[in-house]
Amino acid sequence: MKRQGLVITAVIGLIVAIGLGTWTVKQVAATKATHETVDSAAIVVKKTAPQHRAGNYTKAQALAKIDTLMKNAHIMGTLLITNNGPAGVMTRSYGYADVASAKKNSADEVYPLASLQKAITGTVIQGLINQGKLTMTTRLSRYFPQIPYAKNITIRELLDHRSGLRMGEPVPASILPNEAAEVAYTVSHLTSTNNHAFAYSNANFTMLAGVIRKVTGKSYQANVRSIILKPLAMHHTYDYNQIPINVIDPNSYQLTKGYSQSAVISKPLQSSELGAGSLYSSVGDYYKFIHALFTGKLVGKAGFDELAADQKISYAGGIYYLGHGNVRIGGSDNSFQTYYMGTVDAKIGVVLFDNQGVFDGDNSVGFAIQAILAKSDPF
């Protein structure tokens, strides 16, 4: 997974620079806007049409602009948008889950969450803190004393990529057989530096998954199910190797010389990303999670504020807090790109999962969509 560093100033500047503009790129026949769909995993569909506000885009104008952005960027994937919280959720799909068979992308299909999973892991940790089983100052040495400098590493530092742990993304020779092996793989490949400057690394969140296992005596996946998936009725979220056969999980593609070329999906790599990129989910499920986290349903208002480090402009608990009530998460894995951007109350939200795109370019598209939603009538 390729990861962005924390460049908050540049990100905020990008929001302004993108505005409502579009740019021209080569068009590929395999990538086109398709029908509007309603995600069955969404919470509520608004029943009455709101009044038009002077100076705003109408719903039809906003959707036309968004479709143009997606088409011009040659993005294939699934998009959830709202500017009215759960009541305004709409899901739109673009391009193909499988180009060869012309199987279109759809609302409920599942994509690798990549780094968007880190917010889920952080939420499980906060749930354990709420239960009194951990604190933000609990030391990693309590659970993994074999890691150098573990006595200097806190839960808070792991959540914020300030632990001093460094690790690339080595690919195991074969799929790791279970969670214990996945944690052990990270322990054996990380480097502990005792340098607590911000440095993005999946190792932080795999070690948090290991802490969750040791604290509860249950698997990471069991904790995710009991703390998040079951309470929120998230029926479209699975471990990378447990996707039901009747659920669409798309192929990934790279646009090469105007054509969609298949990309390789490495299951051994996904098996090494416990807590950091091992889950698949739908856009509807992910918005359910974000809305419940931000509004206090999952860990309470005080719990969310603790996990978010009071929403200071920084990275905290799996999420970038950009100031002025805006947040962003981005991930990239096996040529899939995933994003959430919106407001910290989840009233305006963009969940973009794509199986063909370019990380930086699609990131800009997500911000541009957010800007359109902010200037549109409520959906």
Side-chain angles (χ1 to χ4, degrees), residues 1-8 10-11 14 18 25 31 69-70 73-80 94-95 97 105 109-122 161 166-172 186 198-206 237 239-240 249-256 260-283 286 289-290 315 318-320 322 327-342 350-370:
M1 265 187 279
K2 296 180 181 177
R3 299 287 181 250
Q4 286 185 317
L6 180 60
V7 188
I8 298 299
V11 171
L14 181 59
I18 291 296
V25 291
T31 310
L69 281 170
M70 296 290 288
H74 303 316
I75 294 172
M76 295 201 298
T78 305
L79 171 69
L80 179 147
Y94 304 85
N105 284 320
E109 71 183 280
V110 297
Y111 296 74
L113 281 179
S115 285
L116 271 64
Q117 183 179 341
K118 292 180 172 71
I120 290 176
T121 302
H161 294 296
R166 307 285 190 270
M167 182 175 164
E169 292 187 350
V171 179
T186 292
F198 178 88
Y200 200 106
S201 175
N202 288 340
N204 289 293
F205 281 80
T206 298
T237 302
D239 199 26
Y240 78 98
D249 58 301
N251 298 324
S252 63
Y253 297 92
Q254 295 176 338
L255 187 63
T256 305
S260 298
Q261 302 292 332
S262 295
V264 175
I265 300 175
S266 172
K267 293 301 178 182
L269 175 62
Q270 290 178 334
S271 77
S272 72
E273 297 171 334
L274 182 69
S278 57
L279 293 179
Y280 277 60
S281 189
S282 69
V283 292
Y286 199 76
F289 160 68
I290 284 290
Y315 180 100
I319 298 171
Y320 289 100
L322 307 180
V327 298
R328 173 201 169 271
I329 323 171
S332 180
D333 194 5
N334 286 287
S335 296
F336 293 95
Q337 325 298 329
T338 55
Y339 310 88
Y340 178 85
M341 42 275 279
V350 177
V351 186
L352 172 58
F353 294 172
D354 74 55
N355 61 318
Q356 177 178 279
V358 179
F359 186 81
D360 290 340
D362 299 353
N363 187 70
S364 300
V365 169
F367 278 128
I369 292 172
Q370 182 182 346

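Positions are given from 1, in the same order as the sequence printed here.
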- Item | Partner set under side chain to side chain contact (heavy atoms under 4.5 Å, CB included) for V327, not counting sequence neighbours | F294, I319, Y321, Y340, V344

- Query: Would you say the side-chain atoms of Y339 pair up with the backbone N or O of F359, donor to acceptor, closer than 3.5 Å?
  - Reply: yes

- For the student: nearest non-hydrogen atoms of V365 and A73, plus distance: CG2-CB, 3.9 Å

- Message: Tell me whether D249 contacts the main-chain N or O of V110 through its side chain, where contact means a donor paired with an acceptor under 3.5 Å.
- Response: no

- What pairs with T338 under side chain to side chain contact (heavy atoms under 4.5 Å, CB included), at least two apart in sequence or on another chain? A114, L116, F353

- Query: Can you name the closest pair of heavy atoms from P250 and F336 and give their distance?
  - Reply: O-CZ, 3.2 Å

- Spacing of K118 atom NZ and I329 atom CD1 [to the nearest 0.5 Å]: 10.5 Å

- Query: Of all residues at least two apart in sequence or in a different chain, which pass the side-chain hydrogen bond (donor to acceptor under 3.5 Å, both in side chains) check with T237?
  - Reply: S281, D285

- Item | From OG (S260) to CG (N251), nearest 0.5 Å | 11.0 Å

- Item | Which atom of Y240 lies closest to which atom of S271, heavy atoms considered | OH-CB, 3.0 Å

- Note on the structure: Closest heavy-atom pair, S278 versus D239, reported as atoms and distance to 0.1 Å, is O-OD1, 3.1 Å

- How many angstroms lie between CD1 in I265 and OG in S252, if you round to the nearest 0.5 Å? 4.0 Å

- With sequence neighbours excluded, residues passing side-chain hydrogen bond (donor to acceptor under 3.5 Å, both in side chains) with T206: none

- Query: So how far is it from D360 CG to Q337 CD, rounded to the nearest 0.5 Å?
  - Reply: 9.0 Å

- Message: For L322 versus R328, what's the shortest heavy-atom pair and its separation?
- Response: CD1-CB, 4.0 Å

- Of all residues at least two apart in sequence or in a different chain, which pass the side chain to side chain contact (heavy atoms under 4.5 Å, CB included) check with S262? Y253

- Item | Under the side-chain hydrogen bond (donor to acceptor under 3.5 Å, both in side chains) test, residues paired with S335 that sit two or more places apart | Q254

- Task: Could I get the full list of side chain to side chain contact (heavy atoms under 4.5 Å, CB included) partners for P170, not counting sequence neighbours?
- Result: M167, Y185, H189

- Message: To the nearest 0.5 Å, what is the distance between CG on L79 and CD1 on I369?
- Response: 5.0 Å

- Query: Out of curiosity, S115 OG to D333 CG, how far, rounded to the nearest 0.5 Å?
  - Reply: 8.0 Å

- Message: Between Y315 and F198 (side chain of the first, backbone of the second, donor and acceptor by atom type, cut-off under 3.5 Å), is there such a pair?
- Response: no

- Can you list the steps and then say if S272 with V171 is a side-chain contact (heavy atoms from CB on, under 4.5 Å)? CA-CA 7 Å; S272 72; V171 179; over 6 Å; no

- Output all residues satisfying side-chain hydrogen bond (donor to acceptor under 3.5 Å, both in side chains) with Y280, sequence neighbours left out; order by chain, then residue number. K267, Q270

- Item | Passing option when L80 is tested against L352, V351, V350 for side-chain contact (heavy atoms from CB on, under 4.5 Å) | V351

- Query: Between M341 and F367, which heavy-atom pair has the shortest distance, and what is it?
  - Reply: CE-N, 3.9 Å

- Verify, without hydrogens or angle tests, whether H161 (side chain) and S201 (backbone) share a donor-acceptor contact under 3.5 angstrom. yes

- Message: When you measure from the side chain of N105 to the backbone of A97, do you find a donor-acceptor pair of N or O atoms at a distance under 3.5 Å?
- Response: yes

- Just jot down the ring pair (Phe, Tyr, Trp, His ring centres under 6.0 Å) partners of Y286, sequence neighbours excluded, or say none. F289

- Does E273 use its side chain to pair, donor to acceptor, with the backbone of N202 at less than 3.5 Å? no

